[in-house]
Amino acid sequence: MHIAVIGAGYVGLVSGACFADFGHTVVCVDSDAEKIRSLREGKVPIYEPGLDSLIASNMAGGRLSFDTSLPTAVQKADVVFIAVGTPSRRGDGHADLTFVYAVAREIAAAARGFTVVVTKSTVPVGTGDEVERIIRETAPQLDIAVVSNPEFLREGAAISDFKRPDRIVIGLQDERARDVMTEVYRPLYLNQSPILFTERRTAELIKYAANAFLAMKITFINEVADLCEKVSADIQDVARGVGLDARIGSKFLHAGPGYGGSCFPKDTLALVKTAQDHGSPLRLIETTVAINDQRKRAMARKVLEVCDGSVRGKKIALLGLTFKPNTDDMRDAPSLALIQALQDEGADVSAYDPQGVPAARRMVENVEFASDPYDAARDAEALVIVTEWDAFRALDFERLKEVMLRPVLVDLRNIYSPNDVSRAGFFYAGIGRAKAWPRLEISEAAE
């Protein structure tokens with residue numbers, strides 16, 4: 001099939017490359033001429049493991065191309081995917097659908113013959129209705145079917161998620177689109193990936209409901225972690241004991257500094273606004289949003305506690321800046337609020353991240369960006385693990401002790417054992433766990 005993907009951002013690039021890998025002929029369109037030029041040269045503007053090689057192989061095979069001309073791509077397409085951004089709107093938190101509606105008008109002016117227009121962007125309930133209205137108003141003679149096909153991609157594992165999905169959700173009003181969308185996803189259908197066909201508005205709500213539930217699950221375990229610290233329980237064991245219940249599951253029960261990224265913050269807020277507009281408020285999600293916003297900045301208090309109540313004039317080193325590992329995405333990352341809070345308290349902040357530094361340079365000021373963890377830790381009063389990159393899971397604590405002013409580790413992702421860290425001569429403070437003071441092995445103490 002001939003597919004046009006409008007928007008060469010994260011969702012558009014991953015979807016376009018994977019569709020091409022299925023054997024479809026795909027054109028990814030973006031208005032950013034510099035981005036398209038770079039993509040044609042094989043330079044991928046985002047970091048996603050395996051994406052650069054997937055794009056290169058399908059470009060070489062003639063199945064994937066990039067263009068700035070929407071009409072050229074749409075005129076040849078059987079299916080057009082809208083994959084543009086829907087950021088939170090300034091002032092009220094609603095999803096900003098400006099780009100979605102603008103693209104709908106351009107598609108209406110360019111499409112020829114029966115065309116299936118698919119909203120891949122995350123959009124509030126009823127957006128598909130408005131997209132269809134815009135297209136029919138712009139081109140009354142056009143034969144179209146508007147479909148909702150939300151994405152469920154985890155940054156850092158997007159290709160695997162696309163090719164081995166938990167489910168494929170397709171919302172439609174026109175039954176002619178069912179056969180077309182089945183053909184689009186035929187390689188996955190043959191692998192028995194479940195396809196859920198439903199009404200368009202239902203599909204739009206499924207995406208928001210799924211993200212809101214996961215965000216709520218994260219917030220729940222974070223609040224339990226705070227209680228663990230008060231009652232001397234261990235959140236790791238609590239989460240394990242809870243997660244072994246098959247009705248609950250272990251995923252997203254990892255205590256930390258709060259959720260971030262391109263999806264959960266804006267999607268939970270957009271769902272809250274949609275619910276309020278329809279007179280059916282979602283109190284659990286409202287509370288989830290409020291708690292998460294407060295939590296990110298509150299993490300600075302943990303650092304203050306281990307620095308005797310003050311970080312003024314002290315260097316604090318952060319390991320990890322992106323909202324999660326295996327991405328360069330800094331959107332709503334907990335590190336941003338933590339850096340601001342530490343700087344407000346007078347700290348000098350250094351930081352290292354394997355992929356996030358270029359984006360972080362554009363988002364924070366007066367931060368010393370380091371070349372590796374040990375460079376970041378030099379002369380620091382405390383070392384704070386903010387993102388659980390694999391590169392931070394086997395730090396050389398002897399080397400850290402040599403370069404730091406004080407051997408203090410604040411582990412906001414609980415990737416280390418408190419006992420192991422204390423045996424290495426460090427003070428350890430995690431999330432929802434007992435603090436551990438430096439100690440020697442018994443055999444060493446005896447000597």
Could you walk me through whether Val364 and Gln343 satisfy the side-chain contact (heavy atoms from CB on, under 4.5 Å) test, starting with their C-alpha distance in whole Å, then the side-chain angles of each, then the deciding distance to 0.1 Å, before giving a yes or no? CA-CA 11 Å; Val364 295; Gln343 290 178 334; 5.9 Å; no
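- Across all their heavy atoms, Asp328 and Ala359 have their closest contact at O-CB, 4.0 Å.
- Side-chain contact between Ile170 and Leu196 is absent, with no heavy-atom pair separated by less than 4.5 Å.
- Minimum heavy-atom separation, Ser417 to Arg433: CA-NH2, 4.2 Å.
- Defined by atom type and a distance below 3.5 Å, a donor-acceptor pair is present between the side-chain atoms of Asn149 and Tyr185.
- Under a 4.0 Å N-O distance rule, the pair Glu199/Arg201 does not qualify as a salt bridge.
- Atom CG of Asn292 is separated from atom NZ of Lys296 by 5.0 Å, given to the nearest 0.5 angstrom.
- Lys163 has its side chain within reach of Leu54: a pair of non-hydrogen atoms, C-beta onward, lies under 4.5 Å apart.
- In this structure, the side chains of Asp293 and Arg295 stay at 4.5 Å or more apart for every pair of heavy atoms.
- Asp30 and Lys35 are joined by a salt bridge, as a carboxylate oxygen and a charged side-chain nitrogen come within less than 4.0 angstrom of each other.
- Distance check: Cys18 SG to Leu153 CG gives 8.0 Å after rounding to the nearest 0.5 Å.
- Taking all atoms of both residues into account, the shortest heavy-atom contact from Ala317 to Ala376 is CB-O, 3.3 Å.
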Could you go through the side-chain contact (heavy atoms from CB on, under 4.5 Å) check for Lys314 and Asp348 one step at a time? CA-CA 6 Å; Lys314 298 177 181 179; Asp348 298 318; over 6 Å; no
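- Judged by the 6.0 Å and 45° rule, Lys207 forms a cation-pi pair with Phe152.
- Because its NZ or CZ atom is not both nearer than 6.0 Å to the ring centre of Phe66 and within 45° of the ring axis, Arg40 does not count as a cation-pi partner of that residue.
- The pair Asp161-Arg154 counts as a salt bridge, with a side-chain nitrogen and a carboxylate oxygen less than 4.0 angstrom apart.
- Test Val272, Ile285, Leu271, Leu282 against Tyr208 for side chain to side chain contact (heavy atoms under 4.5 Å, CB included) and you get one pass: Leu271.
- Annotation for Ala73 and Ala4: closest pair O-CB, 3.9 Å, computed over non-hydrogen atoms.
- Under a 3.5 Å cut-off, the side chain of Thr198 and the backbone N or O of Gly171 do not form any donor-acceptor pair.
- In summary, Arg301 and Glu345 do not engage in a salt bridge, as defined by a charged side-chain N under 4.0 Å from a carboxylate O.
- Rounding to the nearest 0.5 Å places CG of Leu319 at 6.0 Å from CG of Leu395.
- Checked by atom type, the side-chain pair Ser350/Glu368 shows no donor-acceptor distance below 3.5 Å.
- Counting only heavy atoms from C-beta outward, the side chains of Val410 and Leu383 never approach each other to under 4.5 Å.
- Between Gln355 and Thr327 the shortest side-chain heavy-atom distance does not fall below 4.5 Å.
- Salt-bridge annotation for Arg399 and Glu402: absent, with no side-chain N of the basic residue lying under 4.0 Å from a carboxylate O of the acidic one.
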Can you check side-chain contact (heavy atoms from CB on, under 4.5 Å) on Tyr428 and Asp420, steps first, answer last? CA-CA 9 Å; Tyr428 177 91; Asp420 290 345; over 6 Å; no
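- A donor and an acceptor atom, one from each side chain of Glu155 and Ser262, are located under 3.5 Å apart.
- Here the CZ atom belonging to Arg89 is positioned 8.0 Å from the CG atom belonging to Leu97, to the nearest 0.5 angstrom.
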Take Asn222 and Tyr259 through the side-chain contact (heavy atoms from CB on, under 4.5 Å) test and state the conclusion after the steps. CA-CA 10 Å; Asn222 283 340; Tyr259 59 78; over 6 Å; no
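- Between the side chain of Arg63 and the main chain of His24, no donor-acceptor pair closer than 3.5 Å is present.
- Counting only N and O atoms by type, the side chains of Gln276 and Glu286 include a donor and acceptor under 3.5 Å apart.
- The distance from atom CG of Asp92 to atom NE2 of His94, rounded to the nearest 0.5 Å, is 4.5 Å.
- Between Val238 and Leu253, every side-chain heavy-atom pair lies at or beyond the 4.5 Å cut-off.
- Relative ring orientation between Tyr352 and Phe392 is described as perpendicular, the plane-to-plane angle rising above 60° on a 0-90° scale split at 30° and 60°.
- Ser310 places a side-chain N or O within donor-acceptor distance of the main-chain N or O of Arg312, the cut-off being under 3.5 Å.
- Contact detail for Ala20 and Val26: the closest heavy-atom pair is N-CG2, 3.6 Å.
- The distance between the ring centers of Phe19 and Phe81 falls below 6.0 angstrom.
- Judged by distance alone, the side chain of Asp353 and the main-chain N or O of Val357 form no donor-acceptor pair under 3.5 Å.
- Side-chain contact between Val311 and Glu381 is absent, with no heavy atoms from C-beta onward closer than 4.5 Å.
- A donor-acceptor distance shorter than 3.5 angstrom exists from the side chain of Thr268 to the backbone of Pro265, with no hydrogens or angles considered.
- Of the N and O atoms on the side chains of Glu48 and Tyr10, at least one donor lies less than 3.5 Å from an acceptor on the other residue.
- A distance-only check finds no donor-acceptor pair linking the side chain of Thr86 to the backbone of Ser121 [under 3.5 Å].
- The local environment of CZ in Phe213 is sparse, with at most 12 non-hydrogen atoms from other residues, nucleotides or ligands closer than 6.0 Å.
- A side-chain donor-acceptor contact under 3.5 Å links Thr387 to the backbone of Thr322.
- Although no hydrogens or angles enter the test, the distance criterion places a donor-acceptor pair under 3.5 Å between the side chain of Ser57 and the main chain of Ser53.
- A side-chain donor-acceptor contact under 3.5 Å links Ser335 to the backbone of Leu321.
- Between Lys217 and Ile248 there is a side-chain heavy-atom pair separated by less than 4.5 Å.
- How far CD of Glu151 is from CD1 of Ile168: 13.5 Å, rounded to the nearest 0.5 Å.
- A donor atom on one side chain and an acceptor atom on the other are found under 3.5 Å apart for Asp96 and Thr98.
- Relative orientation of the Tyr416 and Phe397 rings is perpendicular, given thresholds of 30° and 60° on the angle between their planes.
- Under a 4.0 Å N-O distance rule, the pair Lys324/Asp329 does not qualify as a salt bridge.
- Residue Gln192 qualifies as open at atom CD: its count of foreign heavy atoms under 6.0 Å is 12 or below.
- Residues Ala225 and Ala255 come closest through the heavy atom pair CB-CB, 3.7 Å.
- Electrostatic pairing of Lys266 and Asp332 does not count as a salt bridge here, judged by no charged N lying under 4.0 Å from a carboxylate O.
- Under the 3.5 Å distance criterion, the side-chain polar atoms of Asp375 are matched with a main-chain donor or acceptor of Ser371.
- Between Asp344 and Arg297 there is a salt bridge, with a side-chain nitrogen of the basic residue lying less than 4.0 Å from a carboxylate oxygen of the acidic one.
- Between Asp32 and Arg37, no side-chain nitrogen of the basic residue sits less than 4.0 Å from a carboxylate oxygen of the acidic one, so the salt-bridge criterion is not met.
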